[in-house]
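See below for the structure under consideration.
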Amino acid sequence: MKKITKEFRVEPGETVDLKARPTLVDAIYANKREYQQLLASHIERMSKLQSLLYASNSHAVLVLFQGMDAAGKDSCIKHVMSGVN
């Protein structure tokens, strides 16, 4: 599986320039079946990590979705965050 997170990660103290961030990336899956398997494994991992983050009560996660009105941000958030409390 291709890792793309480095392109989107913001390190502590780093100044963020959204113009310098990618807005389009190549697909990380070959077909719909592989996509569904990846999504299920990512949801499971995110859920476990979210539980640890909640239990620590010392950090937070900020996720930014940039897009024009009616770009589908709400649907994307619902889809990406499904399975995570």
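Residue numbers start at 1 and run along the sequence shown. Keep in mind that what you see is a predicted model, and the values were worked out from it rather than measured.
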Look at the side chain of Ser41 and the backbone N and O of Leu38, then say whether any donor-acceptor pair between them is shorter than 3.5 Å. yes
Give a yes or no answer on whether the side chain of Gln50 reaches the backbone of Met46 with a donor-acceptor pair at less than 3.5 Å. no
Considering residues, nucleotides and ligands other than Lys73, do more than 12 of their heavy atoms fall under 6.0 Å from its NZ? yes
Output the distance between atom NZ (Lys32) and atom CG (Leu39), rounded to the nearest 0.5 Å. 11.5 Å
With rounding to the nearest 0.5 Å, note down the distance linking CD in Gln37 to OH in Tyr29. 13.5 Å
Reported CD-to-CG distance for the pair Gln36 and Asn31, which is rounded to 0.5 angstrom: 9.0 Å
What about Phe65 and Leu18, same hydrophobic cluster or not, with Ile/Leu/Val/Met/Phe/Trp/Tyr joined at side-chain heavy-atom distances under 4.5 Å? no
Got a second to check how far Ile43's CD1 is from Ser47's OG, nearest 0.5 Å? 9.0 Å
I'd like to know whether CG of Asp17 has more than 12 heavy-atom contacts from other residues, nucleotides or ligands below 6.0 angstrom. yes
Verify the cluster assignment for Leu49 and Ile77: are they in a single hydrophobic cluster under the rule of side-chain heavy atoms below 4.5 Å apart? no
Which heavy atom in Glu14 sits nearest to a heavy atom in Arg9, and how many Å separate them? OE1-O, 4.0 Å
